[in-house]
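Quick caveat, the model's predicted, so the values are computed rather than measured. As a basis for the values below, the full set of heavy atoms in this structure was taken, side chains included, without hydrogen atoms, waters or symmetry mates. First the proteins, then the strands, lettered A, B, ... as listed; each starts at 1.
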Amino acid sequence: MEDRAIIQLDHVSKSFTVRSGIFGGRKNMQVIGDLSLSIGRGEVLCLVGESGCGKTTTGKLIVGLIKPTSGRILFEGKDIWSMNNEEFKDYRKAVQIIHQDPYSSLNPVHRIYNILSAPLFRHGLVRNRSEAEEKVLDLLDRVDLTPPGDFIYKYPHQLSGGQRQRVAIARSLTLNPKFIVADEAVSMLDVSIRLSIIELLRRLKEEMNVTFLFITHDLAMAKYFGWEGRIAVMYLGRIVEIGPTPRVIENPLHPYTKALLMAIPEADPQVTRNKTPMKLRSLDIPSLLNLPPGCSFNPRCPFWIEGTCDKEVPDMYEPENDHYVSCFLFRGK
Amino acid sequence: MKSREIVKRIFWEPLVIISRDKAGLIGFIFLLSILLLSFVGPYFVKLDTEVKLDKIYQFPSREHILGTDNQGRDIFSQIVNGGRDVIIVAFLAGLISTLIAVSLGSLSAYAGGFTDTVIMFITEIILTIPQFPLLAVLAAFVRLTNPTMLAFIIGFLGWPALARAIRSQVLSIKERDYIEAARVLDLGRMHIIFSEILPNMLSYIVISLIMAMTGAVYSQVGLIILGLVPFYGHNWGLMIQLAWTRGAIFYKGSIFYILSPIIAIVLFQWSAVTFTRSLEGIFNPRLRAGE
Amino acid sequence: MTREILNIENLFVEYSNIRGKVKAVRGVNLKLYKGENLALIGESGSGKTTLGTAIIRLLPSSGYIKDGRIVYKGNGNEYDISKFSEKELRQFRWKEIAMVFQSALNSFNPVLKVWDQIYDTARAHGISNRNFVKERAISLLRYVQLDPERVINSYPHELSGGMRQRVLIAMSLLLEPKILILDEPTTALDILTQRNIIELLRTIKADMGLSMIFISHDLSLAAELADRVAVMYAGAIVELGSVEDIFYRPKHPYTLGLIKAVPTVTAGFRELYSIPGSPPDLINLTPGCKFAPRCEYKNSVCEKDEPMLVEVGQDHFVACFRHKEIGNGR
Amino acid sequence: MSRVKKILSNYIFLRAVRAILTVFIVATLTFFIIRLMPGNPIEIYIGQLMSQYGMSFQDAKNQAAALFSIDLNAPLSKQYVIYMRNLLRGDFGVSFLSQGTPVALMISAYLPWTIFSVGISILISFTLGITLGMLAAYKRGSIFDHIMSTIAAILSAIPNYLIGILLLIIIGVQLGLIPVSAMRGTVSPGIKPGFTWIFIKDIFSRALLPIMTYVVSTIGGWTLSMKSSTLNTLGEDYVTVAKARGLPESRITFAYVGRNALLPLFTSLTMQMGFLMGGSALIESIFVYKGIGWALGASIAQRDYPVMQAVFLIITIAVIVANFIADLLYSKLDPRIKIGGE
């Protein structure tokens with residue numbers, strides 16, 4: 001897998017300093033702790049976790065919007081923060097992001113044409129207006145905004161949420177990317193529209209051979225979009241379990257993953273009413289400013305081993321082939 | 001873009017939007033009239049400087065539409081000729097304040113960290129010092145010799161509140177997802193500042209400029225009334241100062257003499273503030289597109 | 001068991017804005033029975049929240065009830081809520097029908113302690129014995145698994161989202177209302193907290209036997225908690241039936257589409273698809289079935305007339321001309 | 001958090017530190033402005049003494065040094081230290097014109113009147129303004145709202161000194177209700193200060209026009225801000241929930257809407273204090289109300305530099321102290337900022 005990897009995270013950590021006033025105490029808030037991850041070319045990796053677990057930060061680190069506090073992020077084997085200008089430009093073009101909120105991801109003062117043509121002009125993909133128009137129409141067509149002529153000179157506010165998200169997707173495609181981070185790309189959309197956006201992403205992935213990091217809080221969507229890929233489950237800034245999607249869903253190993261799967265309400269009365277949720281030791285999520293020592297899930301975990309889980313941080317163990325878990329229950333297995 | 005479309009976008013659409021808000025429209029009309037009166041009017045109405053002792057404190061008549069002053073001079077001609085300098089100084093001062101505020105405010109927000117802390121600390125300090133006394137004290141020290149200097153002094157003290165507001169605007173726009181998208185698309189810093197951030201702040205900046213202008217009118221006329229601006233030939237502020245120091249205001253018949261410049265200033269301030277209500281719409285495509 | 005407690009008759013609600021009149025609720029007929037859980041399901045703009053707030057007459061100032069009655073049957077009497085005076089409404093709200101709002105985060109006055117807000121509520125309904133209220137508040141907070149001593153003296157901002165939601169639920173039980181309306185009670189919460197709230201609501205239902213109305217865009221909440229489900233589209237109820245009917249024998253193409261649009265995690269794969277197009281403009285409504293433009297079953301009749309709710313099975317109603325053609329389960 | 005840290009990050013503590021720091025900086029600025037400005041007042045004064053009274057340079061310099069309470073022969077850094085030390089002792093030097101009168105004494109005679117008139121005005125204007133603003137918000141769209149909002153918009157656009165002049169003309173001259181030309185100063189001669197009815201009546205009647213001016217010129221701003229703040233608050237979920245809980249209208253209006261709508265106005269309150277204290281230079285000059293603002297105007301007109309410098313400093317300090325008090329009030333009203341830490 002290493003040689004095919006398009007993106008690798010090598011012991012990446014990210015902290016923010018939180019200050020209160022001029023003399024207030026500075027506190028280190030570790031959002032990502034020692035994250036190592038490798039995403040193969042053409043793969044779909046679903047990053048799943050609750051809000052505030054650090055999954056959006058991971059996405060921003062990968063697209064180079066923020067710098068890691070420590071560790072390296074490699075694109076095609078090169079550390080993005082020690083690239084030369086030429087290499088960094090190529091990386092910028094190759095790695096794109098689709099945001100969650102289609103209402104804030106499009107600049108309200110620009111028409112769709114301007115939004116989509118700016119990167120084309122900037123990177124010399126078109127030379128004049130008629131070329132740009134042609135290319136923009138083609139992009140709109142590709143994201144099923146048809147007929148594209150109806151959309152090209154509209155402002156974002158004249159479109160519905162689903163249509164805006166399609167424009168945002170079209171924008172991410174302008175530079176023929178190799179890798180796209182989709183950060184909760186459907187969670188703000190109406191239920192009946194979500195699936196069509198997911199289908200669009202799936203189609204683009206096939207047509208353009210794009211690698212996807214699909215960030216979501218919705219395990220069902222992850223399962224649906226990433227069945228052929230892998231799922232990584234994140235909790236308080238760390239990946240606690242990672243493996244091929246079918247195995248993580250059908251045979252979850254980490255207590256947190258298990259708790260999630262047992263807790264998720266499902267749109268099927270029989271299925272959902274027959275669930276027996278896991279009894280957690282505590283309902284409260286620890287604050288990132290005040291993380292518990294040892295495994296961060298230990299204060300809530302029913303399988304917690306006193307003296308071990310609250311003292312040491314577990315490594316990644318591989319009890320099954322390609323299926324990793326960071327939990328002492330699997331040490332030595 | 002065809003030239004007709006440009007004309008339509010720059011002139012016609014804003015007018016349509018202005019006409020939508022009633023108060024804003026009235027403000028716009030008044031402001032335009034005052035500007036015309038003060039900048040074009042002097043070519044038609046000469047300043048009456050001739051002392052006519054037989055015509056002191058006359059009430060409005062066909063000959064003198066606003067009556068006459070304590071030396072029998074026509075008040076209307078004084079009003080027409082007394083606005084230009086006040087407005088020019090206010091505009092210059094407002095422009096300087098806005099320029100400083102926009103540069104420091106955006107720099108502070110964009111750079112963040114230590115730069116931000118320092119700029120904001122200085123801003124807060126200047127903000128705490130009462131502006132008018134500082135101006136007055138400075139005016140006493142610095143020999144004010146011409147209007148430009150006055151505009152500079154007022155402008156250099158008027159930026160802190162604006163800078164703070166601009167900073168928070170830039171901070172909030174900077175965090176929007178479309179800025180992130182532009183960064184990921186490598187559209188360049190210039191594009192991000194001038195094409196993504198600035199257009200979203202344009203209405204805010206123009207409104208700030210107008211508010212800074214009204215603030216400058218306040219300081220300027222205040223200084224003139226206190227007698228701290230020695231060089232002036234003739235303007236609305238000076239009319240008030242003369243009426244006050246020479247005791248004209250204590251005379252019942254002087255009502256038109258004293259009221260005219262006051263009303264001129266008040267109308268200018270009010271119409272400028274009211275006009276800003278329409279400006280929001282001119283720069284906002286959501287309102288522009290006519291939804 | 002099936003005695004009705006609330007009867008919404010032919011209700012129309014509109015909002016006026018600059019562009020015109022938004023027809024948010026159009027001719028809704030709905031009964032709520034004693035002790036049942038009813039789910040109102042729909043997407044944004046379907047009118048579900050408007051319907052919910054109309055029941056306790058808390059529409060935003062631009063909204064008004066245009067027509068229809070909301071009949072509440074309690075204490076052996078019938079009251080038309082839509083005719084209540086302000087004073088009657090004040091006494092009625094929270095005592096008879098309480099409502100838990102979407103954003104528990106903002107449901108509390110940020111400058112008052114939890115206790116003050118609880119006591120405010122009791123006092124507004126004539127209970128001013130501090131010790132009595134305190135005891136009741138403590139037992140309710142304990143019931144929703146909170147540490148009463150700590151919570152009662154906290155300001156809202158000192159509590160987490162899940163805790164605030166539980167405080168609000170505890171507060172909604174303060175006056176032992178007959179009906180509890182919950183608007184998206186779990187939407188903003190993380191999954192483990194959601195589960196906890198769902199379990200809590202289940203316990204409340206078992207313990208107290210009150211009637212609940214759940215308003216949600218989330219089908220799974222209905223699947224979890226509802227006895228009956230009403231599906232809303234463009235301001236009207238398009239299908240109404242038992243939770244099994246709705247999930248396993250849907251008869252309206254929209255219901256079918258919604259269910260097929262949501263993947264499940266633990267169940268096996270099933271065929272999924274999404275509904276094309278987007279919801280209609282509620283200001284300029286076209287004639288005919290409002291769902292027709294997005295419907296694969298539509299024919300010329302659908303574009304002319306709007307279908308009424310008809311009974312297609314026991315207590316199963318659907319508003320579709322072509323319901324016979326819609327698949328029988330999966 | 002340790003206890004020391006807790007105090008260090010405490011909101012009030014931080015505000016106090018900032019206030020003291022600001023005073024220090026302003027005092028320093030004043031020192032350097034006086035000495036480094038092109039039209040250095042000390043040199044001008046020395047020049048004056050030499051040309052008018054034919055003094056020798058050394059004599060003139062000594063007299064100037066005594067007036068400014070500065071040792072002009074010392075290096076600038078030492079002068080600065082002495083200046084600051086004198087300030088700490090409350091020694092601001094002596095006036096040019098009324099020679100020999102310590103500036104500190106003059107300030108203690110003028111300052112209370114400005115604090116009295118401006119303070120009362122802010123109280124009246126703030127209370128009235130927020131009441132009217134809330135009413136306008138509650139009756140949004142009504143004739144009352146339209147009229148109130150229009151008047152408020154016009155009033156807040158007029159410079160306060162013009163309102164002062166207008167009041168003087170209308171009430172004093174045209175209607176002749178108040179003998180404006182006789183009303184000079186803050187207290188009628190012969191009336192003894194104390195908690196007597198006569199004294200209180202007298203000081204209020206003399207402060208009447210300045211107070212009216214301040215109130216009329218600020219009330220529009222308060223009405224408009226309170227209206228928009230109330231409208232925002234009325235849209236908050238907790239207000240809807242309070243209605244759903246069946247709370248009486250009065251309780252919602254005061255404890256739920258009013259108190260929260262008030263909070264954002266505190267920033268303007270601190271700004272307003274500075275603005276009014278500063279504007280008092282004009283207002284008090286117009287009415288010849290002998291407060292600190294009048295003293296500033298007079299000292300500038302007569303180029304009485306020691307007084308000017310000290311009065312300016314005192315006005316600034318008064319504003320900083322007033323801001324600090326507003327901050328304290330704010331922290332009492334909003335529980336969310338009590339703890340500086342988290």
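- To the nearest 0.5 Å, the span separating CG on C/Leu89 from NZ on D/Lys243 amounts to 11.5 Å.
- Neither the backbone nor the side chain of C/Arg57 comes within contact range of chain D; no heavy atom of the residue lies under 4.5 Å from a heavy atom of that chain.
- Side-chain contact between D/Asp237 and C/Phe101 is absent, with no heavy-atom pair separated by less than 4.5 Å.
- Considering only heavy-atom pairs separated by less than 4.5 Å from chain D, the leading option among C/Thr121, C/Val100, C/Thr53, C/Asp116 is C/Thr121.
- Contacts of C/Ser61 with chain D are made by side-chain atoms alone, with heavy-atom separations under 4.5 Å and no backbone atom involved.
- Among all heavy-atom pairs drawn from C/Gln117 and D/Arg245, the shortest one is O-NH2, 2.7 Å.
- For NZ of C/Lys21, the number of neighbouring non-hydrogen atoms (other residues, nucleotides, ligands) closer than 6.0 Å is 12 at most.
- Proximity to chain C is limited to the backbone of D/Leu333, based on heavy atoms less than 4.5 angstrom apart.
- Using a 4.5 Å cut-off on side-chain heavy atoms (C-beta onward), D/Leu263 and C/Val111 make contact.
- For D/Arg259, the part sitting under 4.5 Å from any heavy atom of chain C is the side chain, from C-beta outward, and nothing else.
- Listed here is the closest heavy atom pair of D/Tyr256 and C/Asp120: OH-OD2, 2.8 Å.
- When all heavy atoms of C/Trp94 and D/Ala244 are compared, the pair lying nearest together is CE3-O, 3.2 Å.
- No other option in C/Ala124, C/Pro156, C/Pro110 has as many heavy-atom pairs under 4.5 Å with chain D as C/Pro110.
- Neither the backbone nor the side chain of C/Gln91 comes within less than 4.5 Å of any heavy atom of chain D.
- Nearest heavy-atom pair across C/Leu112 and D/Ala255 is CD1-CB, 4.4 Å.
- Within a 6.0 Å sphere centred on CZ of D/Phe144, heavy atoms belonging to other residues, nucleotides or ligands number more than 12.
- A distance of 9.5 Å separates CE in C/Met99 from OG1 in D/Thr240, rounded to the nearest 0.5 Å.
- Between C/Arg90 and D/Leu247, the shortest heavy-atom distance links the atoms CD-O, 3.2 Å.
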